[in-house]
K.L.:
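One structure is given below, represented as structure tokens, and several questions about it will come after.
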Number of protein chains: 2
Amino acid sequence: MITLSEENYIKAILTLSLKSLEKVSTNSIASEIGTTAASVSDMLKKLLEKKLINYEKYKGVSLTNKGRVLATTIIRKHRLWETFLVDCLNFDWSEVHIVAEQLEHIQSEKLIDKLDKFLEYPEFDPHGEPIPTKEGIIPNSNAIPLNKLNTFTKGLVMGVTLDEKKFLHYLTKLNISIGTKITIEEKIDFDNSLNIKINDSFHHVSSNVAKHLLIKIIK
Amino acid sequence: MITLSEENYIKAILTLSLKSLEKVSTNSIASEIGTTAASVSDMLKKLLEKKLINYEKYKGVSLTNKGRVLATTIIRKHRLWETFLVDCLNFDWSEVHIVAEQLEHIQSEKLIDKLDKFLEYPEFDPHGEPIPTKEGIIPNSNAIPLNKLNTFTKGLVMGVTLDEKKFLHYLTKLNISIGTKITIEEKIDFDNSLNIKINDSFHHVSSNVAKHLLIKIIK
DNA sequence: CCACTTTTTTAGACATATCTAAATTTTATT
DNA sequence: AATAAAATTTAGATATGTCTAAAAAAGTGG
């Protein structure tokens, strides 16, 4: 069972992860949530225990795949509820946030699927932010395929353009999922394959893999 | 600030109050909520502190006016959300309860007013239960005016049919509000006035007052 | 490379909400 | 009215999530 408080931390960690390449710091989480570094430190132990984050003392935090899926789901719920509040209930877009912060924690997959359908599968919330899919993918405007990036460009994986079991399985093996940080280390002219850095380890991927990975450039 | 847990207790107390004339017992609350009598005992102290209940050790519980208003609001929210789930999202009426149990605790008066409007001010939820008004009145099907009741009939005040300041002020003075238990002690033929028992004290009311009080007969 | 600053963690409290087991009060029965 | 049974409360624990203050680790500049 994941508590409301844990959900808020996981969401904050994703939000911060999307802003920079660095691992997320205890202090940044504290200021994002509006609490103390001590409280964050306590909570990180619990989140590690539940395998929602990767965490070493004094070394910062990143989300595990499980954590990323959870965080994305919460953001999906938040943005769908915001859409409902503005489109159906005629709320002003500026006042929906606090209400959606409560609604995003309602536990019912069925509810959110039915709400999605009722709203006719909106792609963007009232603030223009993309609504993550049921599968945990954050559809992205500024995301471009990995093979179009220049050497030494850094970016975050925002989604994939191929929904094939073997492909997704391969990505998992490479430790690539939504939100994973990738740096282009070298482009090989011969076959358009790439040497890339995934988190802290180096890998080689084919052009065919690269063209199906959507990346948002950061920093 | 009222916590989620406190809201659940207050709601349970109203539910039980509407079923019988007796003061609500610790054990009945425990089985309604699904907890132990010890936990209920602890919580009752907190609710008394917050002036949401009338409570004396070993003597049972009743809601104060403040508590009744809160409880009615929660039921209003619950029933409006159930209506939304069934009418808009095509949930089956049998599966909405657990989701509505979560949604009923969302804190936003504006949200519930707008939802009410969106649903076009429904009078009954999908289970046929009346939806309390914004003012905390539980509209009632089987409620009849106090002056139509026979001697020694017992009932609960379900609403009023006169929305006049002086009238409501007078009811407050008599300690009458939604959910108050009334027994007809004597009907006076001369002017159709009544001697009634309100909770444990006796009062005399005019025919004019009696005809504007809606009562649901119990037991 | 050593001292200073910043960041992070730990230690120890506190509040909420729950539990089990024991004590107390009320109620029912003989 | 005494005693047994039932209901209720208290005592003492536990778990979550928070805090302040102190300790420890990491980073920074002369």
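Values below: every heavy atom of this structure, side chains too, minus hydrogens, waters and symmetry copies. Throughout, protein chains are lettered first and strands after them, A, B, ... in sequence-line order, and every chain is numbered starting at 1.
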K.L.:
What is the minimum heavy-atom distance between B:Glu104 and B:His78, and which atoms define it?
P.N.:
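Closest approach of B:Glu104 to B:His78: OE1-ND1, 2.6 Å.
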K.L.:
Heavy atoms of chain B, cut-off under 4.0 Å: which first and last nucleotide of DNA chain C, 5' to 3', fall inside that, if you could look?
P.N.:
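Result: C:dA17 to C:dT26.
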K.L.:
Regarding A:Ser5, tell me which of base, sugar-phosphate or nothing describes its non-hydrogen contacts under 4.0 Å with the strands shown.
P.N.:
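A:Ser5: backbone/sugar contact only, no base atoms under 4.0 Å.
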K.L.:
Counting heavy atoms from C-beta on, name the nucleotide in D:dG17, D:dT18, D:dT10 closest to the side chain of A:Glu6.
P.N.:
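Selected nucleotide: D:dG17.
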K.L.:
Is B:Asp113 paired with B:Arg76 through a side-chain N to carboxylate O contact shorter than 4.0 Å?
P.N.:
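So B:Arg76 pairs with B:Asp113 through a salt bridge.
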K.L.:
If you look at every strand shown and take non-hydrogen atoms under 4.0 Å, does B:Ser41 touch a base, only sugar-phosphate, or nothing?
P.N.:
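Base, at least one base heavy atom under 4.0 Å.
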K.L.:
Test your reading of the model: is there a side-chain donor-acceptor pair from A:Thr133 to the backbone of A:Glu135, 3.5 Å cut-off?
P.N.:
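Looks like yes, one N/O pair under 3.5 Å.
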K.L.:
With no hydrogens and no angle check, is any side-chain donor or acceptor of A:Gln102 less than 3.5 Å from a backbone partner on A:Val99?
P.N.:
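No.
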K.L.:
B:Trp81 vs A:Phe84 aromatic rings, parallel, tilted or perpendicular, using cut-offs 30° and 60°?
P.N.:
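Taking A:Phe84 first and then B:Trp81, their aromatic rings sit tilted (interplane angle of 30° to 60°).
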K.L.:
Under 3.5 Å between N/O atoms: give me all the protein pairs with nucleotides 12-14 of chain D, atom names plus distance.
P.N.:
none

K.L.:
Students often get this wrong, so: under 4.0 angstrom with heavy atoms, is A:Thr36 touching a base, only sugar-phosphate, or nothing?
P.N.:
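It contacts base atoms.
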K.L.:
What pairs meet the salt bridge (Lys or Arg N to Asp or Glu O under 4.0 Å) rule with one or both residues in residues 29-48 of chain A, with sequence neighbours excluded?
P.N.:
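Counting only pairs at least two positions apart or across chains, the salt bridge (Lys or Arg N to Asp or Glu O under 4.0 Å) contacts touching residues 29-48 of chain A are A:Asp42-A:Lys45.
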K.L.:
Between A:Lys46 and B:Gly60, which residue's closest nucleotide on DNA chain D lies nearer the 5′ terminus?
P.N.:
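Going by which nucleotide is closer to the 5' end, it is B:Gly60.
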K.L.:
Taking only Lys NZ, Arg NE, NH1 and NH2, and the carboxylate oxygens of Asp or Glu, determine whether A:Glu101 and A:Lys11 approach each other closer than 4.0 Å.
P.N.:
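The answer is yes: the pair qualifies as a salt bridge.
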K.L.:
Has B:Lys187 got a side-chain atom pairing as donor or acceptor with B:Leu149's backbone, closer than 3.5 angstrom?
P.N.:
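Yes, B:Lys187 side chain to B:Leu149 backbone: donor-acceptor pair under 3.5 Å.
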K.L.:
Considering heavy-atom distances to DNA chain D, does A:Lys59 or A:Gly34 have its closest nucleotide positioned more toward the 5' end?
P.N.:
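Residue closer to the 5' terminus by nearest nucleotide: A:Gly34.
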